[in-house]
Amino acid sequence: MYSTNLTGFLLAVISSAFIGSSFIIKKKGLQRASRNGPRASVGGYGYLLQPLWWVGMITMIVGEIANFVAYIYAPAVLVTPLGALSIIVSAVLAHFMLKEKLQRMGILGCFLCIVGSIVIVLHAPEERSLNSVQEIWQLAIQPAFILYTASILAVTLFLILYCAPRYGHTNIFVYIGICSIIGSLTVMSVKAIGIAIKLTLEGSNQAVYFQTWIFATVAVSCIITQLNYLNMALDNFNTAVVSPIYYALFTSFTILASAIMFKDYSGQSISSITSELCGFITVLSGTTILHCTREPDPPVSTDLHSPLSPKVSWYIQGNGESRKQKEEDGSTFNLITVIRQDHFK
């Protein structure tokens, strides 16, 4: 393993531990908030008043900072797949803290994630040397990467504007798809900012270039979008389901984006690329097993006092009012009939 890759690897492991824990802590905060008001999935923001949710948020921020620094020292094709370790952390903690039982096959899934991660680490390419943020900008405006960016923005808008209002509460891939697709742009922007900060600390000020601030704006916008839809996904679905699917999609899109923008696989042998892909497939297999062997969330109560979406509540109340109105109309009709019969007698 290259020395810079080792630094990135250690930071990625620390990051996974913090991020995996944050999923569970934030989930507990969301559960507490849902008892006192509307759920996050239907537009409620009561979780912002929950200290436990903020503890989870801080834990995630610490993990993301470690992840941010890891991207400075290692390529995205190494750092991103190591996010599988956070799935192991969240699965184990969910078993004890959320009572989401971890089956024996789930333990096998954790083992496969670890094995796949080791294979990826051993065959990861060396980090490309970049001397200015302008070099990164030239990589970002390549025709291939511009086409990729335009495509994922179009898909994201379709998911947000059309799919989320209709299928977001029933189809897990809607919210997680938004997080994952946008996440690939987040990683590319964060990597650019990290390299700019590193070069600035070494004496070459990168803040004077407008490209640095464009990357920063894109990163902040994407992170806010990710957090919003990740909260919705966590509030609607089992943590053990959200984590592996989010990992699989996010990692796939990030590896694709990095391969297009930074050309990570350029100069690598076929055997190294094949080994790394096999490691990634092994990790995906592990996450799939974890997903398939976890117990689903219990169904949400549908009485009028539960935090349903406005449409569902209106529908139930509307049916009740309609039924009552029909009964009243029926009673009136019967009364009129009796009066008419008496009159003709």
Side-chain angles (χ1 to χ4, degrees), residues 1 5-6 8-28 30-31 56 59-60 62-64 66-67 70 74 76-124 172-173 176 179-180 183 187 230 233-234 236-255 274-298:
M1 182 188 294
N5 282 9
L6 178 60
F9 164 73
L10 294 175
L11 288 168
V13 171
I14 295 172
S15 168
S16 295
F18 277 92
I19 292 175
S21 302
S22 74
F23 273 102
I24 307 304
I25 300 172
K26 288 173 67 180
K27 177 79 172 185
K28 295 286 285 186
L30 289 169
Q31 288 177 343
T59 304
M60 175 172 278
V62 173
E64 293 295 349
N67 202 44
V77 295
L78 167 62
V79 176
T80 307
L82 290 177
L85 301 179
S86 68
I87 299 175
I88 298 175
V89 173
S90 65
V92 172
L93 290 179
H95 176 78
F96 293 104
M97 296 180 65
L98 300 178
K99 308 304 179 184
E100 297 175 0
K101 191 174 181 180
L102 180 62
Q103 308 289 348
R104 291 183 179 179
M105 288 299 292
I107 297 174
L108 173 62
C110 293
F111 176 75
L112 288 175
C113 288
I114 294 173
V115 171
S117 298
I118 292 173
V119 173
I120 291 172
V121 168
L122 293 177
H123 295 89
I172 192 172
F173 288 99
I176 296 181
C179 295
S180 305
V187 171
L230 181 58
L234 286 171
N236 269 280
F237 306 99
N238 191 306
T239 308
V241 177
V242 172
S243 298
I245 295 178
Y246 178 49
Y247 164 79
L249 293 178
F250 172 69
T251 304
S252 299
F253 280 110
T254 300
I255 289 177
T274 303
S275 297
E276 190 167 355
L277 291 177
C278 288
F280 180 50
I281 293 172
T282 303
V283 173
L284 286 181
S285 301
T287 57
T288 302
I289 292 174
L290 272 172
H291 161 56
C292 294
T293 57
R294 296 306 299 273
E295 297 176 348
D297 278 333

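Here the structure is a predicted model, which is why all the values come from computation and not from measurement. All residue numbers refer to positions in the sequence shown, counting from 1.
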A.B. asks: Is the CZ atom of Phe280 crowded by more than 12 outside heavy atoms at less than 6.0 Å?
C.D. replies: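 Buried by this count: over 12 neighbours within 6.0 Å.
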A.B. asks: Can you tell me how far apart CZ (Phe96) and CD1 (Ile24) are? Round to the nearest 0.5 Å.
C.D. replies: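 Rounded to the nearest 0.5 Å, the CZ-CD1 separation comes out at 12.0 Å.
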A.B. asks: Is any side-chain heavy atom of Glu276 less than 4.5 Å from a side-chain heavy atom of Ile255?
C.D. replies: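 Result no, sub-4.5 Å side-chain heavy-atom pair not found.
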A.B. asks: Identify the heavy atoms of Met60 and Ile19 that sit nearest to each other, and give their distance.
C.D. replies: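 For Met60 and Ile19, the tightest heavy-atom pair comes out as O-CG1, 4.3 Å.
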A.B. asks: Compare every heavy atom of Phe18 with every heavy atom of Thr59, then report the nearest pair and how far apart it is.
C.D. replies: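 The pair with the smallest heavy-atom distance is CG2-O, 3.1 Å.
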A.B. asks: Can you pull out every side-chain hydrogen bond (donor to acceptor under 3.5 Å, both in side chains) where at least one residue sits in residues 104-117? Sequence neighbours excluded, please.
C.D. replies: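 For residues 104-117: none.
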A.B. asks: Quick one: NZ on Lys27 to OG on Ser90, what's the gap to the nearest 0.5 Å?
C.D. replies: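 Here the interatomic distance stands at 11.5 Å.
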A.B. asks: CG of Leu122 to CZ of Phe9: how many Å apart, nearest 0.5 Å?
C.D. replies: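 Output value for this atom pair is 9.0 Å.
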A.B. asks: What are the two closest non-hydrogen atoms of Leu98 and Lys28, and how far apart are they?
C.D. replies: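 Closest approach of Leu98 to Lys28, heavy atoms only: CD2-CD, 3.1 Å.
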A.B. asks: Please examine the side chains of Ile172 and Val242, heavy atoms only from C-beta on, and report whether any two atoms are closer than 4.5 Å.
C.D. replies: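 A side-chain contact under 4.5 Å exists here.
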A.B. asks: Looking at CG of Leu249 and CG of Leu284, how far apart are the two atoms once the value is rounded to the nearest 0.5 Å?
C.D. replies: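 Here the rounded value is 9.5 Å.
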A.B. asks: Quick one: pull up CG in Leu277 and OG1 in Thr282 and give me the separation to the nearest 0.5 Å.
C.D. replies: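 One finds 10.5 Å between CG of Leu277 and OG1 of Thr282.
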A.B. asks: Taking Thr254 for the side chain and Thr251 for the main chain, is one N or O donor matched with an acceptor at less than 3.5 Å?
C.D. replies: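 Side chain of Thr254 to backbone of Thr251, a donor-acceptor pair under 3.5 Å: no, none is there.
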A.B. asks: Looking only at heavy atoms, what is the nearest atom pair of Tyr246 and Cys179, with distance?
C.D. replies: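 That would be CE1-CB, 3.5 Å.
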A.B. asks: Hey, can you pull the donor-acceptor pairs under 3.5 Å for the side chains in residues 76-89, sequence neighbours left out?
C.D. replies:
from  : atom 1 : to    : atom 2 : distance (Å)
Thr80 : OG1    : Tyr71 : OH     : 2.7
Thr80 : OG1    : Ala76 : O      : 3.0
Ser86 : OG     : Gly83 : O      : 2.5

A.B. asks: What's the spacing between Gln103 CD and Leu108 CG if we round to 0.5 Å?
C.D. replies: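 Between atom CD of Gln103 and atom CG of Leu108 there are 12.5 Å.
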